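If you're wondering where the values come from, they're calculated on a predicted model, not measured in any experiment. Counting begins at 1 with the first residue of the sequence. Both backbone and side-chain heavy atoms feed into the values below; hydrogens, waters and symmetry mates do not.
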Amino acid sequence: MTPLMLFRQRRDARSLGLVVFALAAIWSGSSAAAQDGAWWEGITSFGSPDYSGKRSQAERTPPRQDTLNDLRPNEVPWRSDEMLVAMEKAIDLYQGIVSKGGWPAIPGNRMMRPGDDDERVSALRRRLMATGELARSSSYNDYSFDSDVEQAVVRFQERNGLRANGRVDQPTLAALNITAEERLSQLKLNHGRILELVQTPPEERYVLVNVPAFQLEAVERYQTVLRHRVIVGRNGRETPTLKATIRNLNFFPYWRVPDSVAQLDVFPRLVKEPDYLAKEHIRVISGDFNGPELDPTSIDWSQADAKRIKLKQDPGPQNALGLVRIDMANEHGVYMHDTPMKPLFQQRARAFSAGCVRVQDVFELVEWLARFEPGWEQPGRAQAVLDQGMALDVPLSRPIPVYFAYITAWAEPDGRIEFRPDIYRRDGAVAMADVFDPDAPPPPSQGLAP
């Protein structure tokens with residue numbers, strides 16, 4: 001590098017430092033605001049970044065392994081007065097943040113990671129302090145992305161449903177730059193959603209699926225007793241918001257492929273893969289699911305009509321419903337079920353289905369649902385049914401209400417505030433929906449995916 005190039009590099013860096021300093025001066029507000037212990041404290045001066053890159057190379061660490069711990073940690077149901085109280089406190093907190101000017105956007109789009117020296121780290125520190133992921137006692141007059149910042153980024157990622165790798169990658173930067181005003185509106189909107197749920201008196205036992213949080217909770221006597229990860233509908237096949245009633249459990253079910261899935265997914269696939277039906281043990285039925293069986297080689301699948309041609313998959317481990325279906329009649333034709341695609345539960349974002357809800361460790365839920373039925377009083381009955389290997393329907397003498405809800409923001413009793421991507425764009429702000437994780441595994445092929 002020539003002396004002139006080095007001079008220009010240092011001049012540009014100093015200019016950026018002055019811009020960041022000016023933003024900090026505006027952010028700090030009046031002297032009275034600076035003395036407010038509930039807000040920014042201790043602005044003195046900005047540190048000097050290491051332009052040589054030596055410290056960055058010495059301190060940079062490999063990407064942190066994402067540990068999936070996305071289930072809520074306490075017994076408080078979403079549908080509860082306790083949740084409403086916690087939400088109201090969160091709204092008050094964010095109202096205070098907004099009234100003081102919110103938080104500044106973090107400029108640029110370059111990744112920041114542990115060991116980096118970057119002028120933007122100072123803004124990152126201030127942003128994480130604003131919402132409590134980084135302690136207020138920390139210094140943000142520092143350009144170093146140290147272990148404290150890494151841990152704070154992990155906390156932010158976990159509270160926003162993002163891959164917790166400790167790096168400010170594109171999805172994390174986008175979430176950090178959602179404005180305080182947008183987050184406040186999101187909290188108010190979701191407070192209204194929860195209030196609507198609470199206005200119907202809670203039953204003694206019920207199930208609630210929070211679709212954008214990708215989890216289910218079983219509630220008994222106003223306390224959550226089970227939580228499960230779930231897979232929900234992908235865009236274009238959204239899992240609906242609804243209330244229904246669970247009345248039957250179907251072991252070793254046939255899958256009667258819905259007309260929409262047959263027409264949009266399976267028929268086009270059969271044009272390219274005529275042997276797909278045989279591989280998946282799917283029968284072709286005429287008229288309705290009780291009609292005569294047809295020879296699939298006699299059908300022009302490019303012209304097939306799902307109103308006249310039905311598909312029915314045999315029970316077994318290959319069945320798209322897995323080994324059990326939780327029957328809950330509703331106008332949308334969706335339900336909960338097992339799945340043979342269990343590795344998908346290890347992904348943070350789990351919008352892969354055609355609208356139905358797949359449940360991890362579903363037989364634990366099944367035994368809770370059937371607990372008051374004869375022969376189901378003790379754990380282990382579900383495994384005994386599976387060992388027998390024969391189809392069995394278990395009608396519930398005490399049907400269980402089930403709610404599919406859309407809650408993208410909530411607050412825990414300990415004050416922690418959680419947000420999730422607005423996967424179906426129902427919250428109004430595009431920034432809260434557009435989350436792309438470049439490191440996520442590829443989605444599964446969209447075939448038989450109820």
Side-chain angles (χ1 to χ4, degrees), residues 70-72 76-106 126-133 152-153 155-164 168 170-199 208-215 217 232-233 235 238-241 348-351 403-437:
D70 57 345
L71 295 179
R72 292 186 56 222
V76 175
W78 269 299
R79 184 176 169 232
S80 66
D81 291 334
E82 294 93 329
M83 179 60 69
L84 285 175
V85 170
M87 287 284 285
E88 287 159 7
K89 292 179 179 178
I91 289 169
D92 288 344
L93 175 63
Y94 271 70
Q95 188 66 65
I97 294 175
V98 169
S99 67
K100 294 180 183 297
W103 49 68
I106 299 171
R126 299 201 313 277
R127 171 63 185 85
L128 294 169
M129 286 181 190
T131 46
E133 288 82 19
V153 169
R155 284 188 283 272
F156 178 87
Q157 290 169 327
E158 290 178 341
R159 295 174 187 180
N160 286 267
L162 303 171
R163 182 179 296 274
V168 181
Q170 294 302 314
T172 304
L173 184 60
L176 286 164
N177 280 336
I178 293 172
T179 68
E181 291 83 0
E182 288 172 329
R183 287 305 194 196
L184 176 61
S185 295
Q186 190 179 15
L187 286 167
K188 290 179 177 179
L189 177 63
N190 282 276
H191 179 275
R193 290 169 176 163
I194 295 171
L195 180 61
E196 184 177 356
L197 288 168
V198 171
Q199 284 174 342
L208 185 144
V209 174
N210 185 352
V211 173
F214 306 114
Q215 60 183 287
E217 59 185 27
V232 302
N235 275 302
E238 300 176 0
T239 297
T241 300
R348 280 195 180 267
R350 297 187 288 273
Y403 297 82
F404 286 2
Y406 194 83
I407 302 169
T408 58
W410 68 91
E412 300 292 354
D414 64 1
R416 191 173 70 256
I417 301 172
E418 300 271 339
F419 296 97
R420 292 296 181 270
D422 176 22
I423 57 174
Y424 298 155
R425 296 177 178 262
R426 296 179 184 174
D427 288 0
V430 173
M432 292 187 288
D434 290 341
V435 175
F436 169 69
D437 182 359

Specify the closest pair of heavy atoms between [X] and [Y], including all atoms of both residues, with the distance to one decimal.
X      : Y      : value
Ile97  : Ala180 : CG2-CB, 4.0 Å
Gln186 : Ala409 : CG-CB, 4.0 Å
Pro421 : Pro212 : O-CB, 3.8 Å

Do [X] and [Y] make a side-chain contact, defined as non-hydrogen atoms from C-beta onward lying under 4.5 Å apart?
X      : Y      : value
Thr239 : Val209 : no
Leu197 : Leu208 : yes
Thr408 : Phe419 : no
Ile417 : Tyr94  : yes
Glu82  : Pro413 : no
Arg79  : Ile194 : no
Met83  : Trp410 : yes
Gln157 : Glu133 : no

| task | Test Val232 against Ile423 for side chain to side chain contact (heavy atoms under 4.5 Å, CB included), laying out the working first. | result | CA-CA 10 Å; Val232 302; Ile423 57 174; 4.3 Å; yes
So, does [X] use its side chain to make a donor-acceptor pair with the main chain of [Y] at under 3.5 Å?
X      : Y      : value
Asn210 : Gln215 : no
Arg159 : Glu418 : no
Ser80  : Val76  : no

| request: Evaluate whether atom CD of Glu196 has more than 12 neighbouring non-hydrogen atoms of other residues, nucleotides or ligands under 6.0 angstrom away. | output: no
| Pair Asn160-Leu176, side chain to side chain contact (heavy atoms under 4.5 Å, CB included): steps then yes or no | CA-CA 9 Å; Asn160 286 267; Leu176 286 164; over 6 Å; no
| Can Arg416 and Glu158 be counted as an ion pair, charged N to O under 4.0 angstrom? | no
| note | Contacts of Arg350 meeting salt bridge (Lys or Arg N to Asp or Glu O under 4.0 Å) (sequence neighbours excluded), chain-then-number -> Asp70
| query | Out of Phe214, Tyr424, Trp78, which residue meets the ring-ring contact (aromatic ring centres under 6.0 Å, His included) rule with Tyr406? | reply | Tyr424
Only distances under 3.5 Å count here; give the side-chain donor-acceptor pairs of residues 86-93 to other protein atoms, sequence neighbours excluded, each with its distance to 0.1 Å.
unit_1 : atom_1 : unit_2 : atom_2 : d
Glu88  : OE2    : His191 : NE2    : 3.2

| The single option from Lys188, Arg193, Arg183 passing salt bridge (charged side-chain N to carboxylate O under 4.0 Å, His left out) against Asp427 | Arg193
